[in-house]
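Pasting a structure here, questions to come.
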4 protein chains.
Amino acid sequence: MQTSDAAVAARTALVDTRRRQLLNAAARLLGRGGSHSVSMQNVADEAGVSVGLIYRYFGNKQELVQAVIEDVLNEFSLRVAEPVQEEADPVRRLAAAFAGYCSVVQELRDAAVLAYQESKTLEPEGRERIKALEVESAEPLIAAAREAIDAGLLGDVDPRVLAYGLLTTAHLWALKHWYFSRFMTHEQYVAEHTALALSSVVRPEHRAAYSDLLGPLA
Amino acid sequence: MQTSDAAVAARTALVDTRRRQLLNAAARLLGRGGSHSVSMQNVADEAGVSVGLIYRYFGNKQELVQAVIEDVLNEFSLRVAEPVQEEADPVRRLAAAFAGYCSVVQELRDAAVLAYQESKTLEPEGRERIKALEVESAEPLIAAAREAIDAGLLGDVDPRVLAYGLLTTAHLWALKHWYFSRFMTHEQYVAEHTALALSSVVRPEHRAAYSDLLGPLA
Amino acid sequence: MQTSDAAVAARTALVDTRRRQLLNAAARLLGRGGSHSVSMQNVADEAGVSVGLIYRYFGNKQELVQAVIEDVLNEFSLRVAEPVQEEADPVRRLAAAFAGYCSVVQELRDAAVLAYQESKTLEPEGRERIKALEVESAEPLIAAAREAIDAGLLGDVDPRVLAYGLLTTAHLWALKHWYFSRFMTHEQYVAEHTALALSSVVRPEHRAAYSDLLGPLA
Amino acid sequence: MQTSDAAVAARTALVDTRRRQLLNAAARLLGRGGSHSVSMQNVADEAGVSVGLIYRYFGNKQELVQAVIEDVLNEFSLRVAEPVQEEADPVRRLAAAFAGYCSVVQELRDAAVLAYQESKTLEPEGRERIKALEVESAEPLIAAAREAIDAGLLGDVDPRVLAYGLLTTAHLWALKHWYFSRFMTHEQYVAEHTALALSSVVRPEHRAAYSDLLGPLA
DNA sequence: GATGAATGAGGTTTCATTCAT
DNA sequence: AATGAATGAAACCTCATTCAT
């Protein structure tokens with residue numbers, strides 16, 4: 001039936017809208033007051049709905065928290081994929097992916113970090129899913145690193161170690177923002193860490209080609 | 001009076017013992033079940049004492065949590081100071097300090113990381129004290145980096161950025177231990193990150209002198 | 001919208017009902033077992049609701065206790081206003097106001113007195129509000145006394161001293177009810193104290209006019 | 001045995017000293033912070049002894065509180081007895097007894113009142129003993145009133161009603177001291193209430209004899 | 001006699017969750 | 001679909017009381 005189809009579509013759309021509305025509200029609260037301020041009542045108030053309604057879209061609080069974290073991790077994957085595809089050179093792809101991570105972190109700041117921390121309170125099953133998503137979100141970096149190594153552009157290094165190091169460096173800004181912002185901007189932070197990371201692995205014979213990324217360490 | 005003196009000494013010793021007992025119990029719980037599992041009842045049970053007793057040694061829960069975090073941070077400072085003093089060469093001092101951090105992280109693992117995260121729930125005043133301790137615990141690294149730079153051993157880099165990068169790398173093992181332990185030991189992790197960090201900043205003309213630290217990236 | 005209006009009205013009514021239900025429960029407990037027996041659990045049980053619900057209507061225990069006391073004081077003001085307005089003669093107005101106080105005391109008995117006593121445990125701000133309400137509730141008595149003095153019906157006396165003396169005399173029945181009830185009824189108590197108070201201040205030349213109030217002391 | 005006798009005497013003296021020390025400490029706390037501030041720990045601190053020691057002199061907290069109240073009531077009896085004996089005239093004896101009460105109240109202020117209030121938390125048996133003591137402490141007033149009535153000095157009034165009224169008036173200063181002290185001193189308060197009470201009951205033909213007590217109401 | 005560390009029941013408060021409307 | 005009043009388990013904290021020293 002057409003009506004039924006339309007109704008189903010409308011319902012699905014509403015479900016998505018509501019879920020998004022609630023996830024955003026929760027993320028906003030996380031950013032503002034830390035995990036401590038995420039109560040079901042607060043989420044409801046922040047989203048402008050009733051407490052009861054949350055339970056029509058998320059089975060319980062854990063499911064909501066899990067969804068918020070997965071949402072952030074998905075944002076990472078999405079926001080990194082695009083800049084990566086535009087770069088042909090694998091080293092520049094690596095740098096672009098790192099810059100992508102950094103921009104998501106800068107944007108979501110507290111929410112990004114706090115979402116992580118909350119993960120200790122989740123069920124093992126949910127934790128596994130989050131770990132998987134995290135590994136997945138690191139893939140573009142690992143892939144770029146591996147290709148650069150295979151192309152002989154980088155020295156002998158484990159691509160996973162390199163990639164995770166960059167990923168953590170991206171988060172470091174959110175975690176220690178209170179310290180770094182005393183003496184540098186986020187742009188400087190990204191540039192300096194890009195230079196540091198690349199200068200450690202780019203083979204001497206290719207350094208000249210990336211002098212724009214390596215800066216004074218070229 | 002001997003008795004009085006002895007009594008006072010005994011009391012002081014007891015206070016210290018109890019505080020340590022409670023801090024350890026809390027740290028153990030943090031490591032096992034995350035901040036979520038640190039209730040006063042749980043700490044009491046874990047320490048084998050009654051709830052009420054905790055309040056003779058810590059004014060309230062926040063004070064206890066604050067003390068746990070400060071305790072961990074002090075442990076960092078202590079454990080890093082020693083290896084650093086034994087090295088004459090500033091670059092090796094940097095490496096030794098990093099290794100010191102890593103060994104504390106390895107030992108306290110979860111407690112180290114989770115203690116940090118909990119800090120979001122503390123009072124601003126306490127947070128400031130923790131930040132100060134953290135900056136202080138990074139000092140040996142920053143000092144070593146600065147001396148190495150002044151000695152012309154390292155390239156042009158901000159010693160604070162370098163130092164905090166290493167500090168975070170040390171924590172990274174605790175945070176992503178579930179990932180890295182799949183394919184490397186903690187020793188390999190330390191060695192590889194030491195090599196990565198140094199190879200990015202040691203001037204080409206001095207690389208040969210540190211080939212033992214730089215490994216394949218030498 | 002009708003529904004909305006009706007809903008709002010229903011909610012307001014519910015809020016009022018619940019507050020009253022809880023205030024009454026607390027007052028009942030005060031009367032029965034003293035302030036000692038007013039625990040949130042007891043209030044909840046007495047009112048037939050859950051503990052948590054109390055916190056939807058009162059922010060914390062102090063607010064509840066404060067509200068109970070203010071409620072009693074308001075009852076005094078209300079119950080005294082009416083009989084006072086019906087009397088044209090200021091001396092009779094004074095007597096009517098006193099009788100009004102006494103009847104409230106008789107009805108609320110213990111709650112009335114205990115509510116007072118509890119006030120020592122309140123915040124300074126709340127205490128001030130209670131004092132203000134108390135002074136306010138004494139106003140009708142003071143006003144009547146002042147008019148009677150101005151009309152030359154009473155001797156030279158401070159109307160505030162006279163009024164507060166009567167107010168306390170009213171409370172005295174609640175406080176020492178266990179003593180007086182051995183040998184007199186509440187009606188006799190009111191009559192005797194009315195006579196005592198008036199005979200001390202009514203000028204000799206007007207005593208005859210109030211012989212019904214003065215009784216044997218006329 | 002002499003030694004034994006002396007030892008017993010010394011022990012008894014110590015017991016009395018300690019009891020007094022603790023009662024005074026408790027009374028001081030009552031006066032300062034209300035019944036709320038009377039915890040065994042606070043009493044111990046205030047008295048400069050350990051918590052455990054209190055239990056060698058009072059079986060439990062209730063016994064201590066009971067003793068504090070009885071102590072205050074005894075103070076009333078003692079302090080009223082003396083001035084009463086010095087007056088030959090029964091009306092002046094009544095006034096002297098009232099003044100005695102007032103001076104104890106003024107001295108013990110809060111403790112006097114708060115001691116009463118606490119009584120609701122005591123065991124029925126203890127309450128009865130307190131009531132008995134209270135009635136007893138009112139005896140001098142009642143006796144004086146009765147004699148004055150028998151001597152034809154006062155009008156037809158129940159001596160118990162008159163006596164208890166005066167007793168409450170004495171307490172009124174402690175209870176509403178915050179109000180009265182705005183516009184009168186304690187001396188004025190005592191004088192005015194003495195005048196009020198006497199003018200209500202002294203027979204017209206004897207008023208002249210007590211014009212010093214009756215003041216402007218003479 | 002005296003101490004004060006230790007206990008644990010009981011009080012206040014919060015918050016995830018349910019359910020009648 | 002949506003509401004929010006109601007619940008009650010569980011958290012934090014206090015304090016009367018005991019007992020080894």
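Computed from heavy atoms alone, side chains included, the values below leave out hydrogens, waters and symmetry copies. We name chains A, B, ... by the order of the sequence lines, and we start the count at 1 in each one.
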Worksheet item: When the nearest nucleotide of DNA chain F is assigned to A/V49 and to D/G59 on a heavy-atom basis, which residue is associated with the more 5' position?
Response: A/V49

Practice prompt. Measure from CG on C/L14 to P on F/dG4 and round the result to the nearest Å.
Written response: 13 Å

Practice prompt. Could you pick out which residue, B/S50 or C/S39, lies toward the 5' side of DNA chain E when each is mapped onto its nearest nucleotide?
Written response: B/S50

Worksheet item: When the distance from NZ of C/K61 to C1' of F/dT14 is rounded to whole Å, what number comes out?
Response: 13 Å

Response to the item:
Shortest non-hydrogen pair, A/I130 vs A/Q66, comes out as CG1-NE2, 3.5 Å

Item to complete: Assess whether side-chain contact (heavy atoms from CB on, under 4.5 Å) is satisfied between A/Y57 and A/L23, documenting all intermediate values.
Response: CA-CA 10 Å; A/Y57 297 95; A/L23 290 175; over 6 Å; no

Worksheet item: Of the options D/R28, D/Q21, D/R20, which is the one that meets D/N24 in a side-chain hydrogen bond (donor to acceptor under 3.5 Å, both in side chains)?
Response: D/R20

Discussion item. Can you confirm whether D/L53 sits close enough to D/L22 that some side-chain heavy atom of one is under 4.5 Å from a side-chain heavy atom of the other?
Written reply: no

Worksheet item: Roughly how many Å is it from CG in C/N60 to P in F/dA11, rounded to a whole number?
Response: 22 Å

Worksheet entry | Rounded interatomic separation in angstrom, taking CD1 from D/I54 and P from F/dA16 | 9 Å

Worksheet item: Rounded to the nearest Å, what distance is computed from the CG atom of residue B/L53 to the C1' atom of nucleotide F/dC19?
Response: 15 Å

Response to the item:
Assert: residue with more 5' nearest nucleotide on DNA chain E, out of C/V51 and B/R18, is B/R18

Item to complete: Decide yes or no for B/V65 and B/I69: does some side-chain heavy atom of the first lie under 4.5 Å from some side-chain heavy atom of the second?
Response: yes

Worksheet item: D/Q62 or B/V38: which one's nearest nucleotide on DNA chain F is closer to the 5' end?
Response: B/V38

Discussion item. Considering every strand and a 4.0 Å limit on heavy-atom distances, what is the contact class for A/F58: base, sugar-phosphate, or nothing?
Written reply: nothing

Discussion item. Between D/K131 and D/E128 (salt bridge meaning N to carboxylate O under 4.0 Å), is one present in this structure?
Written reply: yes

Worksheet entry | Sequence-distant partners of C/N74, side-chain contact (heavy atoms from CB on, under 4.5 Å), two or more places apart | C/L133

Item to complete: Would you indicate, yes or no, if E/dC15 has its OP1 or OP2 atom less than 4.0 angstrom from a side-chain nitrogen or oxygen of C/Y55?
Response: no

Worksheet item: Taking atom C1' of E/dT17 as reference, at what distance in whole Å does atom CZ of A/R56 sit?
Response: 15 Å

Discussion item. Regarding A/V15, tell me which of base, sugar-phosphate or nothing describes its non-hydrogen contacts under 4.0 Å with the strands shown.
Written reply: nothing

Discussion item. For a quick test of reading the model: is some side-chain N or O of D/Y57 closer than 4.0 Å to OP1 or OP2 of E/dG1?
Written reply: no

Item to complete: Measure from CD on B/Q41 to P on E/dA9 and round the result to the nearest Å.
Response: 10 Å

Worksheet item: Between F/dC13, E/dT17, F/dA16, which nucleotide has the shortest distance from any of its atoms to the side chain of B/M40?
Response: F/dC13

Worksheet item: Between atom NE2 in C/H36 and atom P in F/dC15, what is the gap in whole Å?
Response: 14 Å

Discussion item. Defining pairs by Watson-Crick or G-U wobble geometry with both distances under 3.5 Å, how would you list the stems of DNA chain F with at least three pairs each?
Written reply: E:2-21 with F:2-21

